[in-house]
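Let me begin by presenting the structure, written as structure tokens, before commenting on it.
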Amino acid sequence: MSEVNVSLRERHRAQTSREIHEAVWELSRRNGYGATTVEAIAERAGVSRRTFFNYFACKEDAVLGLKPVHIPQAALENYEDPTTGDEFSRTVRLFMAVLRHSAGFSATGTERKELLAANPDLSRKIGLHITAAESLVASTVAGHSTASTSTRASERSQAYVLMAGSVLKYVYRSNEDLTSNSDPDVVDRAVEQALSVFRSAFKEIS
């Protein structure tokens, strides 16, 4: 299969996924999330019930825009390239790339807060998703750390993964609408600002 055909297929999948996600939000705004069914979502998105489950495992994943966590090839190459930044910043960006490619909201930060407040199970779902993303990043970082004979270097890399999670939590709390913003430059600026804050904090306690 040619690269053009693969690209077209990927764009079609991304569009269908987005249409399903937007359909559940539209119906939730109109009828309430609890009253919104998979059948209604599929009908609004113009797909079959079977197609819905080809994209999302459940209604919860659809409204949150959650997909299986994975590491985009470009993000992995960026992490492996030491010229793109120090190890800590590269780890943060890798973690962010995993989250950005496996979750996405079309709703505003306020709508997201209201949905999560009214449906605590969704907050737990997000927590599990972030944990899965963290585990994937940790295993990737560990795989690269094995090339080093230094135990301390390996421990430092694992510490970076844990700290990266805190940086990203700060990023999203400081930029509530970032989950619905697809502009990579906006995301990059938010990450850079957070890294600057954390580096300053580290200097004060070192």
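None of these values were measured; they are calculated from a predicted model.
Counting heavy atoms from C-beta on, the side chains of Gln193 and Tyr170 come closer than 4.5 Å. A 4.5 Å side-chain heavy-atom check between Met96 and Val171 finds at least one atom pair inside the cut-off. Side-chain atoms of Leu116 and Ile126, non-hydrogen and from C-beta on, do get closer than 4.5 Å to each other.
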### Worked check of side-chain contact (heavy atoms from CB on, under 4.5 Å) between Lys125 and Asp61
CA-CA 8 Å; Lys125 187 84 172 178; Asp61 284 1; 2.6 Å; yes
### Query
Stepwise, does the side-chain contact (heavy atoms from CB on, under 4.5 Å) test hold for His144 with Ser157?
CA-CA 9 Å; His144 286 77; Ser157 295; over 6 Å; no
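Panel note: side chain Thr84, backbone Asn78; a donor-acceptor pair is recorded below 3.5 Å. With Thr16 contributing its side chain and Arg13 its backbone, the two residues share no donor-acceptor pair below 3.5 Å. The main-chain N or O of Leu136 is found under 3.5 Å from a side-chain atom of Thr140 such that the two form a donor-acceptor pair. Checking side-chain atoms of Lys59 against main-chain N and O of Tyr33 turns up a donor-acceptor pair under 3.5 Å.
Taking CZ from Arg199 and OG from Ser89, the interatomic distance works out to 5.5 Å, rounded to the nearest 0.5 Å. Taken from CG in Leu178 to CZ in Arg189, the straight-line distance is 10.5 Å, to the nearest 0.5 Å. Once rounded to the nearest 0.5 Å, the distance linking CZ of Arg9 with NE2 of His12 reads 11.0 Å. Atoms CD and NZ, on Glu176 and Lys113 in that order, are 3.5 Å from each other to the nearest 0.5 Å. In this structure, the separation between CD on Glu43 and OG on Ser48 is 12.5 Å, given to the nearest 0.5 Å. Here CD of Glu19 is found 14.0 Å from CD1 of Ile41. Values are rounded to the nearest 0.5 Å.
Using a 30° and 60° split on the angle between ring planes, Phe52 and Phe56 fall in the tilted class, from 30° to 60°. Classification of the His101-His70 ring pair by plane angle, with boundaries at 30° and 60°, yields perpendicular. Taking the six-membered ring for Trp and thresholds of 30 and 60 degrees, Phe88 and Tyr160 have ring planes inclined between 30 and 60 degrees apart.
Side-chain heavy atoms closer than 4.5 Å link hydrophobic residues (I, L, V, M, F, W, Y) into clusters, and following such links, possibly through other members, connects Phe202 to Val161. Phe95 and Val197 fall within a single hydrophobic cluster, where Ile, Leu, Val, Met, Phe, Trp and Tyr are joined by side-chain heavy atoms under 4.5 Å apart, directly or via other members. Taking hydrophobic clusters as Ile, Leu, Val, Met, Phe, Trp and Tyr residues chained together by side-chain heavy-atom distances below 4.5 Å, Val186 shares a cluster with Leu195.
Ion pairing of Glu111 with Arg29 is present here, as a side-chain N (NZ or NE/NH1/NH2) and a carboxylate O approach within less than 4.0 Å. Under the 4.0 Å criterion applied to side-chain N and carboxylate O atoms, Arg90 and Asp81 are not assigned as salt-bridge partners.
If you run side-chain contact (heavy atoms from CB on, under 4.5 Å) between Val24 and each of Thr36, Val38, Leu64, only Thr36 comes through.
Residues Ala62 and His21 come closest through the heavy atom pair O-ND1, 2.7 Å. When every heavy atom of Ala75 is checked against every heavy atom of Leu94, the shortest pair comes out as O-CD1, 3.9 Å. Between His129 and Ala103, the shortest heavy-atom contact is NE2-CB, 4.1 Å. Of all heavy-atom pairs between Ala194 and Val167, the closest is CB-CG1, 3.8 Å. The two residues Ala117 and Pro120 come nearest to each other via the heavy atoms O-CD, 4.3 Å. The heavy-atom pair separating Val69 from Ala132 by the smallest distance is CG2-O, 4.1 Å.
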